[in-house]
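See structure below.
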Amino acid sequence: MAFTMRAVKVPPNSASLEEARHRVFDFFKQACRSIPTVMEIYNLDDVVTPSQLRSTIAKEIRKNQNITNPKVIDMLLFKGMEELNNIVEHAKQRHHVIGQYVIGQEGLVHELGSKDEGSSAFLKKFYTSNYF
């Protein structure tokens, strides 16, 4: 199987916010183009659809939409390219990809709330008093 990306190269710094914005769009396109490869490598067809992965990528990018410093945007783009490269070159295992990009943080939060239901009043009081 041929890999679409070989090595992460450090791009030159963006001169302006508009150039950094253009690079973000290019990264999003590159990430979306690699979705079929990721779906095939990690056998994700039974867990998630390509459109759900695309929306997860967009959500991760939108998390940082309020950043206006081009150097910070370049650093985040480098980290994103490195992450995409690790995923495409199969440096992560299937459960890592599913946990980070399919289930996400919302799934972990829901699990934590349901574990406390069957506890006794003594344990609930003990847990609340000993958590820092």
Side-chain angles (χ1 to χ4, degrees):
M1 176 178 298
F3 292 114
T4 57
M5 301 170 55
R6 281 291 165 206
V8 176
K9 296 178 183 172
V10 178
N13 289 336
S14 299
S16 66
L17 185 61
E18 186 62 33
E19 183 181 349
R21 184 174 176 264
H22 181 70
R23 287 183 181 186
V24 170
F25 287 133
D26 288 342
F27 170 72
F28 179 72
K29 289 177 194 173
Q30 184 180 13
C32 288
R33 287 183 186 131
S34 66
I35 286 176
T37 305
V38 171
M39 296 283 290
E40 181 183 341
I41 290 172
Y42 294 100
N43 194 18
L44 297 175
D45 293 321
D46 58 338
V47 180
V48 68
T49 64
S51 63
Q52 289 172 328
L53 277 181
R54 194 175 309 110
S55 65
T56 301
I57 293 169
K59 183 181 76 169
E60 290 293 320
I61 290 175
R62 284 189 191 115
K63 262 201 279 189
N64 299 310
Q65 69 183 1
N66 59 347
I67 296 174
T68 56
N69 186 348
K71 290 184 179 183
V72 175
I73 294 172
D74 287 341
M75 185 265 311
L76 290 170
L77 276 174
F78 178 77
K79 289 173 72 174
M81 286 187 287
E82 188 176 24
E83 179 76 10
L84 180 62
N85 190 31
N86 285 340
I87 290 172
V88 170
E89 293 200 358
H90 209 176
K92 291 184 174 240
Q93 294 182 4
R94 184 174 190 259
H95 68 278
H96 294 142
V97 175
I98 290 173
Q100 286 180 322
Y101 301 107
V102 176
I103 296 173
Q105 294 298 321
E106 294 84 22
L108 297 175
V109 170
H110 293 302
E111 289 178 15
L112 289 176
S114 64
K115 289 183 181 177
D116 207 23
E117 291 175 3
S119 299
S120 67
F122 171 76
L123 284 177
K124 287 180 183 177
K125 186 178 176 185
F126 177 78
Y127 291 147
T128 56
S129 66
N130 288 320
Y131 282 154
F132 297 113

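If you're wondering where the values come from, they're calculated on a predicted model, not measured in any experiment. We count residues from 1, following the sequence as given. Side chains included, hydrogens not; waters and symmetry mates left out as well; all remaining heavy atoms used.
Tyr42 places no side-chain N or O within donor-acceptor distance of the main-chain N or O of His96, the cut-off being under 3.5 Å. Not a single donor-acceptor pair under 3.5 Å links the side chain of Asp74 to the backbone N or O of Asn13. In this structure, Thr49 contributes its side chain and Gln52 its backbone to a donor-acceptor pair below 3.5 Å.
Put simply, the side chain of Tyr101 reaches to within 4.5 Å of the side chain of Ile87, judged on heavy atoms. Contact check for Val48 versus Met39: side-chain heavy atoms found under the 4.5 Å cut-off. The closest side-chain heavy-atom distance from Leu53 to Leu44 is below 4.5 Å.
Here CE of Met81 is found 10.5 Å from CG of Leu76. Values are rounded to the nearest 0.5 Å. Atoms CD1 and OG1, from Ile103 and Thr56 in turn, are 11.5 Å apart once rounded to the nearest 0.5 Å. Atom-to-atom distance recorded for Phe28:CZ and Leu84:CG is 12.0 Å, nearest 0.5 angstrom.
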Pair Glu83-Glu60, side chain to side chain contact (heavy atoms under 4.5 Å, CB included): steps then yes or no: CA-CA 12 Å; Glu83 179 76 10; Glu60 290 293 320; over 6 Å; no
Yes or no on side chain to side chain contact (heavy atoms under 4.5 Å, CB included) for Asn64 and Val24, after CA distance, side-chain angles and deciding distance? CA-CA 11 Å; Asn64 299 310; Val24 170; over 6 Å; no
Could you give me the CA-CA distance, side-chain angles and deciding distance for Ile73 and Leu17, then say whether side chain to side chain contact (heavy atoms under 4.5 Å, CB included) is met? CA-CA 9 Å; Ile73 294 172; Leu17 185 61; 3.6 Å; yes
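Heavy atoms of other residues, nucleotides or ligands lying less than 6.0 angstrom from NE2 of His95 number more than 12. At most 12 non-hydrogen atoms from other residues, nucleotides or ligands lie less than 6.0 angstrom from CZ of Arg21.
Arg54 is linked by a salt bridge (charged side-chain N to carboxylate O under 4.0 Å, His left out) to nothing, counting only residues two or more places apart in sequence or in another chain.
Minimum heavy-atom separation, Pro70 to Ser14: CB-O, 4.1 Å. Scanning both residues, Val38 and Val88, for their nearest heavy atoms gives CG2-CG2, 4.2 Å.
The pair Glu82-Lys79 does not count as a salt bridge, with every side-chain nitrogen at least 4.0 angstrom from each carboxylate oxygen.
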